[in-house]
Amino acid sequence: MSEKELGEHIITIDNVSKTFVGGVQAVKDFSTKIRRREVVVIMGPSGSGKSTLLRCLNGLEEPDSGTIVVDNIPLDDNRKNRLEIRKEVGMVFQSFNLFPHLTALENVNLAQIRVRKKSQKEATRFSMELLNKVGIAEKSGNYPAQLSGGQQQRVAIARALAMMPKVMLFDEPTSALDPEMINEVLDVMKNLATEGMTMVVVTHEMGFAREVSDWVIFMDEGQIVETGTAEHFFKNPQEDRTKLFLSQIL
Amino acid sequence: MSEEIKARISPFHWLRQRVFLFRHPWIDIVEYVALIALIIWLMSMSTARLGYYWQWFRVPKYLFQIKDGRLIVGKLIQGLFFTFRISGVSLLLAFTVGLTTALVRLSGSFMGRILSRVYLETIRNTPLIVQIYLMYFVIGPILGLGRFGSAVLALTLFEGAYLSEIFRAGITSLHKGQWEAAHSLGLSGFYTYRDVILPQAIRRILPPLTGQVITLIKNSALVSIVSLSDLALNAKIIAADTFLTFEIWFTAAAIYLVITVALSTLAYYLEKRFKILT
């Protein structure tokens, strides 16, 4: 899978720690680097800090210590930097989080008009292109409640892509879906990967990890337990913790 | 059905089913009319005992009069227009104050949160009538506000405090995923509130918001204590002049009722019209 040409490092995570109020340490001294066009899958048992780590990458959570640099912009106290990073990093949530009072098209349009300052017409043209790409153009006038889970999640992906992000984060994008809808979302994600999008994906979809990911991070208790290509990771896990986890999800 | 089951069926089952069928809406309406008739009859009995002489025919001229083919607006309706004016102005300002207070309360500013809390608790825990006097006799002159200005300020601050709590409840009732999605898209705080949060929150709080608007209109009757000629004060003056005490006050009450019921109905349709599918 990794025949594609990878670029320079686009995300650098250095010694990041995050403890929640109440003393739960979600992420401990976590360091890693991700290259442009790379697809990284993060796996791990629930409570292992995968989501927290992902949410740190676009500023939804604030690390207590350590540094995160995305596309040469440090994620620090500077509001301008933070805003810049939010524009460059797209995020897809487990629970879709579409805006229920707006149609699918309006959901995808909103940030283009408000943040990228495009005209309604320009935004709509690009939105329809994106909705077409995720295979849901004919539902553009529907409200989220009128769409199935899989359709909602595809709209959510289109909404994130509308900002033309350099990195896409996926926080368990298929966990809330009925089984027959998982593939329509994974297919969209696979296409994105083929187009060279840099992606960080928290998921337990082994098929996706095998087929698309360049490498897999296995996390537990806020730390990296093991990393490697999907092939190596599933066939020949080194650590006992990884073996135990895989035996449970397989 | 076996005999055993039949024996267990309540003997009133048959009756209850039939009685239920008889609950046609008309039965409710007839009952309601009968109740109102009873109340009116009781009232007329008691006013008869008071020796009260009803003179409803003298009331219409205080509403409208036609003189020389021209329509002349009576004193009660003039008062009503004033009530509209003071309620309308106060309502617009109270919405602004309420929303601002709610946003400040939810903001990251420590002092802002404390200030909005102090404002809320002070206003909410003192009587409106005291606040109207205070504005009229103390704050108004300091700020150079006249009678109308002081009354508007008192109503604005009073209703704004309650509205702020309604807004806050509406805003915090939204799922935090809505904020996170807006944040991830790079929307600024202003656009997050304007395009994502408030459109949803306002639809949710439409019922208590309507209640508060109605309360404002009713509370505006209190400004008559600083001699502003609203519906309530004009009613009082007419009643004192003419001794039509019952007729005038019933009429004034009916006017308030018509206005507030109209508002409730409007809100009901707005609620249906802008309902968010879930």
Side-chain angles (χ1 to χ4, degrees), chain A residues 51 54-55 57-62 79-103 106-117 142-147 152 155-165 167-171 176, chain B residues 95 99 102-104 106-113 166-210 267-278:
Chain A
S51 287
L54 201 70
R55 292 159 59 87
L57 294 182
N58 75 342
L60 280 181
E61 300 285 354
E62 188 106 18
R79 274 174 58 100
K80 224 176 146 191
N81 287 343
R82 305 181 66 87
L83 200 65
E84 209 56 40
I85 286 189
R86 281 161 52 188
K87 291 180 195 169
E88 294 205 3
V89 179
M91 179 129 182
V92 175
F93 301 89
Q94 183 179 353
S95 49
F96 327 137
N97 294 345
L98 289 177
F99 305 133
H101 59 300
L102 301 179
T103 62
E106 289 166 338
N107 264 279
V108 185
N109 268 354
L110 183 63
Q112 295 182 66
I113 293 168
R114 295 303 190 212
V115 185
R116 296 284 189 227
K117 304 291 176 196
N142 287 31
Y143 286 92
Q146 299 166 319
L147 301 173
Q152 288 190 53
V155 174
I157 293 173
R159 180 177 69 173
L161 290 175
M163 287 297 288
M164 302 212 274
V167 179
M168 283 283 282
L169 309 176
F170 293 84
D171 190 3
Chain B
F95 261 87
L99 186 56
L103 295 183
V104 169
L106 293 168
S107 76
S109 156
F110 179 70
M111 275 319 290
R113 286 203 312 260
I166 295 175
F167 276 118
R168 191 169 68 95
I171 291 168
T172 49
S173 77
L174 294 180
H175 193 264
K176 80 175 186 348
Q178 293 292 305
W179 265 276
E180 292 183 350
H183 176 105
S184 310
L185 289 169
L187 287 173
S188 65
F190 173 76
Y191 285 127
T192 302
Y193 269 113
R194 191 193 127 159
D195 294 325
V196 178
I197 303 301
L198 289 180
Q200 295 183 61
I202 286 176
R203 280 171 237 214
R204 284 193 190 187
I205 60 177
L206 214 46
L209 224 46
T210 315
Y268 176 77
Y269 281 107
L270 284 179
E271 225 175 292
K272 286 199 136 177
R273 171 70 184 74
F274 293 106
K275 193 173 174 356
I276 296 173
L277 300 166
T278 43

Using a 4.5 Å cut-off on heavy atoms from C-beta on, say whether the side chain of B:Val196 contacts that of B:Tyr191.
no
Please state whether the side chain, the backbone, both or neither of A:Leu98 comes within less than 4.5 Å of a heavy atom of chain B.
backbone
Nearest atoms (heavy-atom pairs only) where A:Leu102 meets A:Asn107
O-ND2, 3.1 Å
Taking side chain as everything from C-beta outward and backbone as N, CA, C, O, which of these in A:Tyr143 sits under 4.5 Å from a heavy atom of chain B? Side chain, backbone, both or neither.
side chain
Could you check if a side-chain atom of A:Val155 sits within less than 4.5 angstrom of a side-chain atom of A:Phe96, using non-hydrogen atoms only?
no
Tell me, out of A:Arg82, A:Arg114, A:Lys87, who's got the most heavy-atom pairs with chain B below 4.5 Å.
A:Arg114
Could you tell me which portion of A:Arg159 (side chain, backbone, both or neither) has an atom closer than 4.5 angstrom to a non-hydrogen atom of chain B?
both
By a 4.5 Å heavy-atom criterion (distance strictly below it), what part of A:Gln146 contacts chain B: side chain, backbone, both, or neither?
side chain
Are any of the side-chain heavy atoms of A:Ile85 and A:Asn81 separated by less than 4.5 Å?
no
A:Asp171 and A:Met91 have their tightest heavy-atom pair at CB-CE, 4.0 Å
